[in-house]
Amino acid sequence: MTLSTAGRITLGLLLAALLAAPVPVTAQDKPRLGGELIFPVPSEPPSYDAHEEETFGVIHPLAPLYSTILKVDPFDKTGTKPVGDLAESWTISKDGMTYTFKLRRGVKFHDGSEMTSKDVKASYDKIIFPPAGVKSLRKAAYDVVEVVEAPDPYTVRLRLKRPEASLLLNLASPWNWIYKADILAKDIHWYEKNVMGTGPFKFVEHVKGSHWVGKKNPDYWDKGKPYLDSYRAIFISSSAAQVAAIRGERAHIQFRSFSPGERDSLVQALGSKITVQESPWDCLNFVSMHHDKKPFDDKRVRRALSLALDRYEGSKALSRITLVKDVAGIQVPGTPYATPPAELEKLAGYGRDINANRAEAKRLLREAGVPDGFSFTFKNRGIPHPYEPLGIWLIDQWRQIGLNVKQETIEASSYYAMLKRGDFEVVMDFQCGFIVEPDLDLPRFVSTSDANYGKHKDKVIDELFVKQGRANDIEERKRYLRAFEKRLLDEETHVIYTLQWHRIIPHSSKVHGWTITPSHYLNNQLDTVWLSE
């Protein structure tokens, strides 16, 4: 066992200790068949293709229609234990350079055709080696893969350029849906507007602005599942309306999170009819500044915007009203690669003396030639929590150093198109991982990433990302990560981190077979979920 592997096991134990609320059911409970699970989704899918998207607006309504090679154990609260989905078994060569997966036989797409290794190869080729004109937000995370092979219909082999201990976890990604090779060969963009998977549910309809419906797949490979007859995702952007749907028992659960106040109101109104699960959350908002637009091409200006933020007082106030909590660096607090608090305070904007920080911010702005009362537009995502309160807080903090900031709120389904166009000066960006792991959380900050929306080009960042991923010694890896963090948040201030998220899921006590994890991208296949009446 390498030290890196040991670190990942420790991470799992730490997260298990951090998980707060009791889970009301276990895998041993006897499921009841039938019923329709209803859940609000605060955002609609910008496209149907998970390979090029990164919003729960895609995962929550569409994940029940698809399968992946591996997935995270749906009963593992740490969200760090990979189990087979389409893969029945797998082996890793002694030198760590070859991963071989044996696929289940008899798995069918929803059109009745058999899923084989050529479908897995075609899907992973699209993710890792996308042709010109095809977006793949995760190709940088699989840079280690040299080639994907399909030596026979039920075997898939990945050959690597070098060993990478995090690869197996990465292959449990809920984004890596397996598509049909024949369809991709005819039109690689087909899945942007159409659906064809092997998942536990089949597509029924999507009515924009209203709902998405899936029905039970009777030919699903895991006999006896799913337990539900159907599911219905209802698109509701208003947080108050989402809470009202749960309170009125017109919906069972919302898989992203509610705020502390919304949790308390539901518990007060519904008593034993509501069950609450809470967890640390591998999510945070950060601010991206377009490096090709003045004055944000000047790192003194970017650093001044970070120095203006009083993160510690912000944490106290905002954690009472929305789903943010801890002041953190590039990893979830309490996990093996998180920044120690004393070290964190050395970064620009993390020191405890806010008056000194803001005086330095004003000096940097003067030095950069930015006039007093400098104005710019801050674009924010049209989702209530935590975007709206965080946006209001940021604007107030920047006002403290003489900046005049106008906020423009963009409807959630249009937000990614705006980011991809680079149509902003300063924008609310975010990082949400499906497993707490630097290799998976940080690739968006390398120069070649399609998710590097601020367009910074930094060879030092690129080199440090590669070095931390190859380090076999946990202390060596920490040193590279601290250097990466200082470069990203302090020396160059390519982005500005705000506060770490905290996940809160109050749901109907009728819902069983669903376990919270530190990621709202996990456990959305719904094959283990059932309703008690």
Side-chain angles (χ1 to χ4, degrees), residues 15 18 20 56 239 256-263 278-289 302-335 337-354 357-358 361 378-381 383-401 405 407 426-433 436 441-442 444-445 454 485-486 488-490 493-505 518-520:
L15 286 173
L18 287 168
F56 62 89
S239 185
R256 185 170 172 267
S257 181
F258 281 134
S259 70
E262 291 164 343
R263 170 200 58 201
E278 297 194 23
S279 170
W281 197 350
D282 187 15
C283 266
L284 88 161
N285 282 94
F286 60 92
V287 175
S288 284
M289 298 152 284
R302 301 194 299 266
R303 187 181 174 95
L305 264 62
S306 185
L307 283 162
L309 307 186
D310 189 345
R311 291 173 170 83
Y312 302 99
E313 288 301 315
S315 170
K316 292 177 187 175
L318 289 167
S319 64
R320 290 196 289 267
I321 61 172
T322 192
L323 41 87
V324 296
K325 196 169 185 180
D326 294 315
V327 178
I330 57 174
Q331 287 282 272
V332 177
T335 60
Y337 300 108
T339 321
E343 198 167 338
L344 192 65
E345 292 180 17
K346 297 175 184 176
L347 299 176
Y350 289 81
R352 296 280 181 173
D353 188 343
I354 187 60
N357 292 347
R358 286 175 176 163
F378 171 65
K379 291 192 175 180
N380 199 1
R381 196 178 184 197
I383 291 179
H385 292 286
Y387 290 84
E388 290 179 4
L390 265 179
I392 293 168
W393 175 73
L394 284 168
I395 290 169
D396 177 69
Q397 298 291 291
W398 289 329
R399 185 176 59 80
Q400 306 296 324
I401 59 170
V405 184
Q407 180 172 231
V426 180
V427 72
M428 185 77 92
D429 205 338
F430 72 95
Q431 163 61 33
C432 282
V436 183
D441 291 335
L442 303 177
R444 67 182 306 127
F445 298 120
E485 182 176 66
K486 185 169 178 59
L488 182 74
L489 304 181
D490 184 303
T493 321
H494 290 308
V495 298
I496 300 170
Y497 272 34
T498 62
L499 300 167
Q500 199 77 34
W501 289 16
H502 181 76
R503 195 175 181 207
I504 303 169
I505 305 292
S519 171
H520 63 304

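Index from 1, following the sequence. Keep in mind it's a predicted model, so treat the numbers as computed, not measured.
Proximity of a side-chain donor or acceptor of Gln397 to a complementary backbone N or O of Asp310 within less than 3.5 Å is detected. A distance-only check finds no donor-acceptor pair linking the side chain of Asp441 to the backbone of Gln431 [under 3.5 Å]. At distances below 3.5 Å, at least one donor-acceptor pair connects side-chain atoms of Trp398 with backbone N or O atoms of Leu305. A donor-acceptor distance shorter than 3.5 angstrom exists from the side chain of Arg358 to the backbone of Ala308, with no hydrogens or angles considered. The closest donor-acceptor contact from the side chain of Arg444 to the backbone of Phe430 lies under 3.5 Å. A distance-only check finds a donor-acceptor pair linking the side chain of Gln500 to the backbone of Cys283 [under 3.5 Å]. With hydrogens and angles disregarded, no donor-acceptor distance shorter than 3.5 Å links the side chain of Arg302 to the backbone of Val495. The backbone N or O of Ile496 sits nowhere less than 3.5 Å from a side-chain atom of Ser306 that would complete a donor-acceptor pair. Without hydrogens or angle criteria, Arg399 side chain to Val405 main chain gives no donor-acceptor distance under 3.5 Å.
When all heavy atoms of Trp501 and Cys432 are compared, the closest pair comes out as CZ3-SG, 4.1 Å. Residues Thr339 and Gly329 share a closest heavy-atom pair of OG1-CA, 4.0 Å. Considering all non-hydrogen atoms of both residues, Ser315 and Ser319 come closest at O-OG, 2.8 Å. When all heavy atoms of Ser259 and Leu323 are compared, the pair lying nearest together is N-CD2, 4.5 Å.
Distance OG1/Thr498 to CZ/Phe286: 9.5 Å, rounded to 0.5 Å. Atom CG in Asn380 sits 8.0 Å away from atom CG in Leu394 (nearest 0.5 Å). Residue Tyr497 holds its OH atom at 8.0 Å from CD of Glu485, rounded to the nearest 0.5 Å. Atoms CD1 and CG, from Ile330 and Leu488 in turn, are 7.5 Å apart once rounded to the nearest 0.5 Å. In this structure, CG in Leu284 is found 9.5 Å from CG in Asp429, a value given to the nearest 0.5 Å. The line from OG of Ser279 to NE2 of His502 is 7.5 Å long, rounded to the nearest 0.5 Å.
A 4.5 Å side-chain heavy-atom check between Ile354 and Glu313 finds every atom pair outside the cut-off. Between Pro260 and Ile504, the closest side-chain pair of non-hydrogen atoms falls below 4.5 Å. Residues Arg256 and Ile383 are in side-chain contact: their nearest non-hydrogen atoms beyond the backbone lie under 4.5 Å apart.
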Quiz: residues 343-350 side-chain donor-acceptor pairs under 3.5 angstrom, not counting sequence neighbours:
| residue | atom | partner | partner atom | Å |
| --- | --- | --- | --- | --- |
| Glu345 | OE2 | Arg352 | NE | 3.1 |
| Glu345 | OE2 | Arg352 | NH2 | 3.4 |
| Tyr350 | OH | Ala328 | O | 3.4 |

Could you list the donor-acceptor pairs under 3.5 angstrom formed between side-chain atoms of residues 384-393 and any protein atom two or more places apart in sequence or on another chain?
| residue | atom | partner | partner atom | Å |
| --- | --- | --- | --- | --- |
| His385 | ND1 | Thr322 | OG1 | 2.7 |
| Tyr387 | OH | Arg381 | NH1 | 2.9 |

Requested in this report: Using the side-chain contact (heavy atoms from CB on, under 4.5 Å) rule, take Phe378 and Gln407 through it: C-alpha gap first, then chi angles, then the decisive distance, then the call.
Outcome: CA-CA 5 Å; Phe378 171 65; Gln407 180 172 231; 4.0 Å; yes
Requested in this report: Could you give me the CA-CA distance, side-chain angles and deciding distance for Val327 and Leu499, then say whether side-chain contact (heavy atoms from CB on, under 4.5 Å) is met?
Outcome: CA-CA 5 Å; Val327 178; Leu499 300 167; 3.8 Å; yes
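In this model, no donor atom of one side chain and acceptor atom of the other lie less than 3.5 Å apart for Arg263 and Ser257.
No more than 12 heavy-atom neighbours from other residues, nucleotides or ligands sit within 6.0 angstrom of NZ on Lys325.
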